[in-house]
Amino acid sequence: MTTAIGVVMTECIVAGRLEDGKITGKLLRYPADPEAQEALASMPPGELVEAIAGQIDELMRGPDGAAKASADAIGVSVPGIVRAGVVEESPNLPQIKGMRLAADLAQALQGRGITAPVYAGNDADAIAAGVAATRGRLDKLTRVWTIGNGIGYGRWPFAEGVWEGGHITVTLDPKEKYCGCGGAGHLEGIMGYRAMRMRFLDLEPEEVFANAKKGDTRCREFVDLWHRALAGATASFIHLAGPGRFYFTGKNVGFLELPLLRSHLETMVRMSPLQSFSLEILPPDDETALVGAGVTAQRAMGEMQVTR
Ligand SMILES: [Zn+2]
């Protein structure tokens, strides 16, 4: 049996223990109070690492609270660009930019008497890994769009690169500049929650989508643009890496209408070998990313042992 600890840090930190790729026991949340969701954004990086280490410590204790269990690997997923254990960029948790997350966490764990290899990765990639693992598709290319405050793009299997799909350019209109990163014409500048609030200063995004359903022309046109933007980005990835399955999840995935997305995608992907793509909505949950964080860490550690 292999054991791993998976940790996902987005609006809150969720951690769990995996045995043979399946969650066993309870998940831990920090902050425990769901109302304190803004807490992480204002926490200094050292405290974030300690909070994660504390959760892992608790998960590795036996029922008597004393004995330390072991883990083959620990996987931590965060939003942003993560390479070789270092958080190179994280627009939604700016204080972790530049953090040597894998090394800092391993050190904090050593201080608690826990020695296990730590792997840090991107949160959307973890969801893709989790989908692949839970559906027995670890041998296939799996791509996931996460639709939330920002737009994330995740892929399994891991491939060297940056893969910031949310910042792919989908329009040449110079007026399109609402992306959180400051770049012009980006997908997130149209689809991201923050970007929508900046575009519609008089309406919340929920109202925009509700008004569109009632037939309001301005809102209907925007909802169409929102879907066309996602279709454009997805079509680009189909033209680069091929067709296959795309999953859509995240806390705002409820805005997505698959038939509308598909109709735009069909106008953009015309070469017959590329038309065998499929689209599927996944209800957002914590477990998928957590399983993916653990599975990715185990795979990464296994590959390191093979190449050693
Ligand atoms: Zn951007």
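Atoms within each ligand, like the ligands themselves, are counted from 1 in listed order. Owing to the predicted nature of the structure, the values given are computational and were not obtained by experimental measurement.
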Apply the side-chain contact (heavy atoms from CB on, under 4.5 Å) test between Thr10 and each candidate in Ile13, Val8, Val14; give the one that qualifies.
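Answer after filtering Ile13, Val8, Val14: Val8.
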
Return yes if some donor-acceptor pair links the side-chain N/O of Thr249 with the main-chain N/O of Thr146 below 3.5 Å, else return no.
no

For Tyr153 and Trp145: C-alpha separation, side-chain torsions, deciding distance, then whether ring-ring contact (aromatic ring centres under 6.0 Å, His included) applies.
CA-CA 5 Å; Tyr153 175 81; Trp145 288 108; 4.9 Å; yes

What pairs of donor and acceptor atoms, side-chain ones from residues 275-283 against any protein atom, are under 3.5 angstrom apart with sequence neighbours left out?
residue, atom, partner, partner atom, Å
Gln275, NE2, Val269, O, 3.1
Ser278, OG, Arg245, NE, 3.4
Glu280, OE1, Arg135, NH1, 3.4
Glu280, OE2, Arg135, NH1, 2.8
Glu280, OE2, Arg135, NH2, 3.2

Distances under 2.8 Å only: what protein N/O/S atoms are near the Zn ion (ligand 1), ordered by chain and residue?
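Sorted hits: His167 ND1, Cys179 SG, Cys181 SG, His186 ND1.
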
Count I, L, V, M, F, W, Y as connected when their side-chain heavy atoms are under 4.5 Å apart, and connections chain through other members. Are Val86 and Met301 then in the same cluster?
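No, Val86 and Met301 fall in different hydrophobic clusters.
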
Ring-ring centroid check Phe246 Phe237, cutoff 6.0 Å
no

